[in-house]
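These numbers were taken from a predicted model, which means no experiment stands behind them. All ligand and atom numbering here is 1-based and tracks the order in the structure.
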Amino acid sequence: MEAIQMIRDAEKYLIPLFNAMGERAFINQSKVLQAFKDNRVRELHFSPSSGYGYSDTGRDLLENIFAQTFDAEAGLVRPQIVSGTHAISACLCSLLKSGDQLISASGPPYDTLANIIKGNQVPGHSLVERGIDYCEIPLISGTEPDLAALSQALSSRTKMVIIQRSRGYTLRPALTVAQIAAIVKTVRAVNPSIIVFVDNCYGEFCDIIEPSSCGAHLVAGSLIKNPGGGLAPSGGYIVGRKDLVEEVSYYLTAPGLGKELGASLGNKRAYYQGFFLAPHTVLQALKGAVLVAYIFEQLGFEVYPRFNEERGDIVQAIKLDNPEMVTQFCQIVQHCSPVDSDVKLEFARLPGYADPVVMAAGTFVQGSSIELSCDAPLRAPFCAFWQGGLTYEHIRLVLHHLIDYFRSGGY
Ligand SMILES: *Cc1c(COP(=O)(O)O)cnc(C)c1O
């Protein structure tokens with residue numbers, strides 16, 4: 001069978017799933033539009049600001065739009081937040097003091113965060129080295145939050161519970177918003193003053209409810225992932241309770257300066273337009289991930305999640321067994337990219353990551369992973385982590401090449 005026929009057959013089978021995802025994107029699009037309308041966005045809000053950025057109304061309005069869409073009181077949406085890791089790190093470092101306890105309710109955190117919490121790369125700077133007690137509650141069978149163990153671990157010293165929604169570079173499923181809600185409920189029952197913080201990277205708009213709608217006090221993510229819609233050129237966001245967002249803002253800029261400063265320079269239109277597009281862009285990525293899962297399962301590979309499993313993030317893992325096959329998989333994605341298509345990939349060390357990683361990122365925005373990208377750490381089980389895609393057509397085209405390669409026995 002021709003590769004294209006295999007894709008067409010898969011798409012026919014996947015129509016009901018695609019339709020259901022389309023309905024969710026429709027609801028999210030209407031939420032975003034409502035926030036734009038309620039905040040009376042005008043062209044003048046896209047104008048550049050400079051210097052200190054006092055009275056940057058375009059910046060402030062965009063933060064209101066993020067907050068409203070995510071059901072939060074306040075937001076920080078800034079190009080000065082250099083990445084998702086920075087957004088999350090700012091929340092942890094500003095709110096946790098020596099003697100406080102931080103509990104992860106979702107097992108071990110993402111590679112770059114493990115470094116910030118436990119520290120293995122920059123001695124002296126980790127939370128643990130600064131006197132914060134850290135405790136990890138593993139997921140039951142690697143999938144379910146262990147609410148009983150969490151409840152038991154909570155104490156008067158517990159200041160914050162952190163939840164990572166996405167799978168990160170692991171095979172565990174992304175947490176659903178319902179699971180996040182159950183964690184919130186458990187924490188509240190013990191001590192309502194404990195801050196529930198969600199690393200929402202890759203999770204935005206995958207569901208019609210966001211973590212802040214079900215009680216999370218603070219949520220952070222990257223603008224070169226889902227909520228940037230593929231247009232935001234850099235940055236991160238934080239939304240949540242007003243007092244917490246303010247506290248974080250004093251850490252991000254300086255005490256007393258907070259949110260009032262920070263010129264958003266000349267790219268504001270891209271942030272607004274990107275957020276407006278984000279529900280649709282995430283839909284493209286989700287449809288693509290489902291198609292990849294379905295096809296690779298047919299080709300005989302293990303995939304996480306399976307095509308018909310509930311998705312709490314846009315990440316699709318494909319288990320490929322050895323580093324060569326992982327590199328080749330990523331190389332095909334790179335060859336089918338609009339930028340740097342002729343670049344040859346290899347495993348290399350990246351700041352913040354413990355193991356060498358290979359990354360296919362032939363993207364318009366450097367390292368953007370709401371654009372089609374595929375990466376993997378050099379460790380067993382050797383998996384490619386696929387995510388993003390600005391258009392479904394592009395994803396379909398890449399898949400066409402992957403099918404040809406993997407069926408030709410070229411591995
Ligand atoms: C991407 C990601 C982050 C942050 O990564 P950056 O590359 O710094 O934006 C944090 N947590 C998870 C689960 C992620 O997927």
Side-chain angles (χ1 to χ4, degrees), residues 76-93 102 104-118 121-122 127 136 139 145 162-177 179-180 197-206 210-211 216 218-230 232-238 252 274 278 282 285-286 289 304-305 311-317 348-355 357-361 363 365-377 383-388:
L76 272 167
V77 181
R78 303 284 167 129
Q80 288 89 1
I81 300 177
V82 301
S83 67
T85 303
H86 185 197
I88 296 160
S89 168
C91 293
L92 299 176
C93 294
L102 169 69
S104 165
S106 47
Y110 189 71
D111 294 50
T112 58
L113 297 174
N115 195 36
I116 289 156
I117 297 170
K118 291 179 275 191
Q121 288 196 338
V122 193
L127 294 177
E136 239 164 61
L139 298 171
I162 182 171
I163 303 168
Q164 180 183 307
R165 184 175 179 184
S166 173
R167 65 176 56 247
Y169 283 148
T170 72
L171 297 186
R172 70 127 162 123
L175 296 188
T176 62
V177 176
Q179 285 172 319
I180 293 172
F197 170 60
V198 177
D199 168 359
N200 205 21
C201 282
Y202 288 138
E204 301 89 354
F205 299 124
C206 288
E210 294 291 333
L218 199 63
V219 175
S222 166
L223 295 182
I224 60 170
K225 294 182 179 173
N226 306 14
S234 75
Y237 81 92
I238 295 158
L252 262 180
V282 170
L286 285 172
Y304 304 85
R311 282 168 195 267
D313 67 9
I314 61 167
V315 181
Q316 179 63 50
R349 298 221 163 259
L350 263 191
Y353 290 86
D355 297 303
V357 285
V358 63
M359 288 192 171
T363 52
V365 170
Q366 187 194 69
S368 166
S369 48
I370 186 59
E371 297 184 50
L372 185 54
S373 51
C374 189
D375 34 48
C383 291
F385 293 86
W386 159 297
Q387 64 269 314

Candidate pair S106 and L175, rule side chain to side chain contact (heavy atoms under 4.5 Å, CB included), full reasoning:
CA-CA 8 Å; S106 47; L175 296 188; 4.0 Å; yes

Side chain to side chain contact (heavy atoms under 4.5 Å, CB included) for L252 and L76? Distances and angles first, verdict last.
CA-CA 10 Å; L252 262 180; L76 272 167; 3.9 Å; yes

With a 4.5 Å heavy-atom cut-off, do S83 and S222 have their side chains touching?
no

With a cut-off of under 6.0 Å to the ring centre and 45° to the axis, is K225 in cation-pi contact with F385?
no

Can you list, by chain and residue number, every protein residue with a non-hydrogen atom closer than 4.0 Å to ligand 1?
S83, G84, T85, I88, Y110, Q164, S166, D199, C201, Y202, S222, K225

Salt-bridge contact E204-R165 (side-chain N to carboxylate O under 4.0 Å)
no

For N226, give me all partners under side-chain hydrogen bond (donor to acceptor under 3.5 Å, both in side chains), at least two apart in sequence or on another chain.
none

